[in-house]
Amino acid sequence: MRDRREKLERLRASGVDPYSRGFMPTNTTEGAKALLGDAERSRPVALAGRLMVKRLQGGLVFADLQDGHGRIQLMANRNVLGEEEFSRFADLDAGDIIGASGPIFRTKRGEITLEVHSIQLLTKSLRPLPEKWHGLKDVEIRYRQRYVDLIANPQVRAVFRARTRIIAAIRGLLDERGFIDVETPVLQEIPGGGHARPFQTHHNSLDRDLYLRIALELHLKRLLVGGFERVYEIGRVFRNEGLSPRHNPEFTLLESYQAYADYEDVMQLVEDLMVVSAMAADRPLETSYQGESVNLTPPYRRERMADLVLEHTGRHAAGEELNDLFEEHVEPRLRQPTFVLDYPVEISPLARPREDDPRFVERFELIILGREYANAFTELTDPIDQRARFEAQAAMRAAGNVEAHPMDEDFLRAVEYGLPPCGGLGIGVDRLVMLLTDQPSIRDVILFPVMKSEA
RNA sequence: GCUCGCGUAGCUCAACUGGCAGAGCAGGGGACUCUUAAUCCCAAGGUUCAGGGUUCGAUUCCCUGCGCGAGCACCA
């Protein structure tokens, strides 16, 4: 650090701007490598990136230049560059961002290399890079200073590129099927659509408390009332809960709603989404997660919750007890993709009851490796029933259950205008990305995860 | 919030039952015209997370705090 500050001042004194501009690369490192083909030398190209490793060898300097796409070796030759520019090149530090120009050729060892004919220092780096061989391992620094993680660990960049591709593929499929991509409020008066403690905030000029949304559901359904028949949103939601390898207080949720569909149709959609997502992540359907093999090839097994609980525990149960037994005894044992069907009505205040047995609703979750990846139902469209469900939740709330669903009169008013029969879906995007990039922690798929204050 | 583990140089890691805190890489100086974890020589680099305690002596043992991780709780 100190040495580099001094070097910075020396550079300035010698008339070099250590934070210059005006350099435009003609190619990426990968593009430049491809340019060579079978030729001995290419036309001159201009590349820009971060200098990663420097190897001095007398009158030659080899260095690796890293850009957003990859790396290429640079070679500077004293006899080609001239004494002055050669020593300027040799004086560069690992971490500096530079522009380099010259033709591409192959070294005697066969490495595709740019022969440096001119260089420009674009940004001087004042801090040393992590160890070149072991990279950066300290997870605390990796998460707090993700920029360093991304410089030092190319596989981390690959994970986040895969994340972006997965989300693009999801959008692509939904767009193609006529869903429209919408944005609904993050700041809400009534944080509904799920069971979770919200973050509270305050609007100063309205002098009113607001909450960060915990789900997307109720606004998306209002849009179905309004006449949009297929909508979806991929957006950040916030839940005021503990942290774990599977929980970050802010995370990305996909929710979609499709008029005139039911949960059977949504199961089909989920299977299709899983396939396009895996493809986008370059992940085969027969794959593994953290060493455990899993086959994502549809169709997925479909089982009623009550049947699964009976099978695993020998017990007939209903209501919340059924769900508790399921979570404790069944869910952890469901390793291959399974649609668990027909949840108790008590824990599903927004879902449509089964006609043949109103103790249950037309709801499913997709469980893979003991974890939930999707939650969906045939939506409740009866405003009278919906009001009764909210009132039941409000009673639980009054009894001290802070996560019971709050009453939302405006939502009820919307449903009273007429919500078309529809199927809704929610998918935790971060957890899906974890599965498809084989990452053990949600922090590995969120660029800047929530951390405690730095000491 | 609870339990357990971890915290040593910029980075990756050592340091026996408590006995002078070390190496590699990075950074500094030097040699070297086909290296690619370059190599070789020289010098430098520390609040051992913080504070307290036990001890002749603490990186090591004890307590408290902070941070990180895992598990639990919580989170349908």
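The model shown is predicted, which means the values in this text are computed figures rather than measured ones. In the text below, chain A, chain B and the rest are named by the order of the sequence lines, each starting its count at 1.
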Contacts under 3.5 angstrom, residues 425-435 of chain A side chains, donor-acceptor by atom type, not counting sequence neighbours:
residue: A/Asp430; atom: OD1; partner: A/Arg163; partner atom: NH1; Å: 2.9
residue: A/Asp430; atom: OD1; partner: A/Arg163; partner atom: NH2; Å: 3.2
residue: A/Asp430; atom: OD2; partner: A/Thr252; partner atom: N; Å: 2.7
residue: A/Arg431; atom: NE; partner: A/Arg246; partner atom: O; Å: 3.1
residue: A/Arg431; atom: NH2; partner: A/Arg246; partner atom: O; Å: 3.0
residue: A/Arg431; atom: NH2; partner: A/His247; partner atom: NE2; Å: 3.3

Measure the shortest side-chain to side-chain distance between [X] and [Y] over non-hydrogen atoms and say whether it is less than 4.5 angstrom.
X: A/Asn323; Y: A/Tyr343; answer: yes
X: A/Arg213; Y: A/Pro185; answer: no
X: A/Leu60; Y: A/Met75; answer: yes
X: A/Pro406; Y: A/Arg397; answer: yes

[N] - base-pair partner by Watson-Crick or wobble geometry, distances under 3.5 Å:
N: B/G1; value: B/C72
N: B/C6; value: B/G67
N: B/U59; value: none
N: B/A43; value: none
N: B/A15; value: none

(request) Tell me which of A/Ala63 and A/Arg363 sits closer to the 5' end of RNA chain B, going by the nucleotide each one is nearest to. (result)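 Checking each residue's closest nucleotide, the 5'-ward one belongs to A/Ala63.
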Integer angstrom distance from the [atom1] of [N] to that of [M]:
N: B/U60; M: B/G52; atom1: P; answer: 14 Å
N: B/G24; M: B/U39; atom1: C1'; answer: 14 Å
N: B/A44; M: B/G22; atom1: C1'; answer: 15 Å
N: B/U55; M: B/C41; atom1: C1'; answer: 44 Å
N: B/G18; M: B/U54; atom1: C1'; answer: 12 Å
N: B/C72; M: B/A58; atom1: C1'; answer: 34 Å
N: B/A21; M: B/G45; atom1: C1'; answer: 13 Å
N: B/G46; M: B/C20; atom1: C1'; answer: 14 Å

(message) Considering only residues two or more places apart or on different chains, which pairs with a residue in residues 440-452 of chain A satisfy salt bridge (Lys or Arg N to Asp or Glu O under 4.0 Å)?
(response)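 The answer is A/Arg142-A/Asp444.
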(message) Can you pull out every salt bridge (Lys or Arg N to Asp or Glu O under 4.0 Å) where at least one residue sits in residues 314-325 of chain A? Sequence neighbours excluded, please.
(response)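 Sorted pair list: A/Arg315-A/Glu321.
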Nucleotide nearest [X] (side chain, heavy atoms from C-beta), chosen from [options]:
X: A/Leu136; options: B/G10, B/U12, B/G71; value: B/U12
X: A/Val139; options: B/G24, B/G69, B/C34; value: B/G69
X: A/Leu60; options: B/G69, B/C75, B/U33; value: B/U33
X: A/Thr107; options: B/C34, B/G69, B/A26; value: B/C34
X: A/Arg246; options: B/C11, B/G28, B/G71; value: B/G71
X: A/Lys108; options: B/G71, B/C75, B/C34; value: B/C34
X: A/Glu140; options: B/C13, B/C75, B/C68; value: B/C68
X: A/Trp133; options: B/U36, B/A37, B/C68; value: B/A37

(message) For the residue pair A/Gln290 / A/Asp438, report whether a side-chain donor-acceptor contact shorter than 3.5 Å exists.
(response)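 Their side chains do contain a donor-acceptor pair, which is all the 3.5 Å distance test asks for.
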(request) Kindly compute the distance separating CZ (A/Phe105) from OG1 (A/Thr107), expressed to the nearest 0.5 Å. (result)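 If we round to the nearest 0.5 Å, A/Phe105:CZ and A/Thr107:OG1 are 6.5 Å apart.
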(message) Less than 4.0 angstrom between a side-chain N/O of A/Lys452 and OP1 or OP2 of B/G67, yes or no?
(response)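 For A/Lys452, the contact criterion (side-chain N or O under 4.0 Å from OP1 or OP2 of B/G67) is met.
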(request) Check whether any side-chain N or O of A/Arg144 sits under 4.0 Å from OP1 or OP2 of B/C68, and answer yes or no. (result)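 Yes, A/Arg144 has a side-chain N/O under 4.0 Å of OP1/OP2 on B/C68.
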Going by side-chain hydrogen bond (donor to acceptor under 3.5 Å, both in side chains), name the pairs with one or both residues in [range], residues two or more places apart or in two chains.
range: residues 67-76 of chain A; answer: A/Thr29-A/Asp67, A/Arg55-A/Gln73, A/Gln66-A/Arg71, A/Gln73-A/Thr113
range: residues 348-361 of chain A; answer: A/Tyr263-A/Arg354, A/Asp342-A/Arg354, A/Ser348-A/Arg363, A/Arg352-A/Glu355, A/Arg354-A/Asp356, A/Asp357-A/Arg359
range: residues 39-54 of chain A; answer: A/Arg41-A/Glu115

Under 4.0 Å from any atom of RNA chain B, heavy atoms only: list the residues of [range] that qualify, in numerical order.
range: residues 76-100 of chain A; value: A/Asn77, A/Asn79, A/Asp93
range: residues 36-55 of chain A; value: A/Val53, A/Arg55
range: residues 437-451 of chain A; value: A/Arg443, A/Met451

Find the distance [X]:[atom1] to [N]:[atom2] and express it as a whole number of Å.
X: A/Ile141; N: B/C13; atom1: CD1; atom2: P; answer: 11 Å
X: A/Lys137; N: B/G7; atom1: NZ; atom2: P; answer: 15 Å
X: A/Leu243; N: B/G67; atom1: CG; atom2: P; answer: 12 Å
X: A/Glu241; N: B/C72; atom1: CD; atom2: P; answer: 15 Å
X: A/His247; N: B/C72; atom1: NE2; atom2: P; answer: 11 Å

(message) Once you measure the plane-to-plane angle for A/His405 and A/Phe390, does it fall in the parallel (<30°), tilted (30-60°) or perpendicular (>60°) bin?
(response)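 The rings of A/His405 and A/Phe390 lie parallel, inter-plane angle below 30°.
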(message) Does A/Gln155, at its CD atom, have more than 12 non-hydrogen atoms belonging to other residues, nucleotides or ligands within less than 6.0 Å?
(response)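 Yes, because the 6.0 Å sphere around CD of A/Gln155 holds more than 12 heavy atoms from other groups.
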Identify each atom pair where a protein N or O and an N or O of nucleotides 30-32 of chain B are less than 3.5 Å apart, giving names and distance.
residue: B/C32; atom: N3; partner: A/Gly58; partner atom: N; Å: 3.1

(message) Run the salt bridge (charged side-chain N to carboxylate O under 4.0 Å, His left out) test against A/Glu140 and tell me which residues pass, sequence neighbours left out.
(response)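 With neighbours one apart ignored, the set is A/Arg144.
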(message) A/Glu131: which residues meet the salt bridge (charged side-chain N to carboxylate O under 4.0 Å, His left out) condition with it, sequence neighbours left out?
(response)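 Checked A/Glu131 against salt bridge (charged side-chain N to carboxylate O under 4.0 Å, His left out); zero matches.
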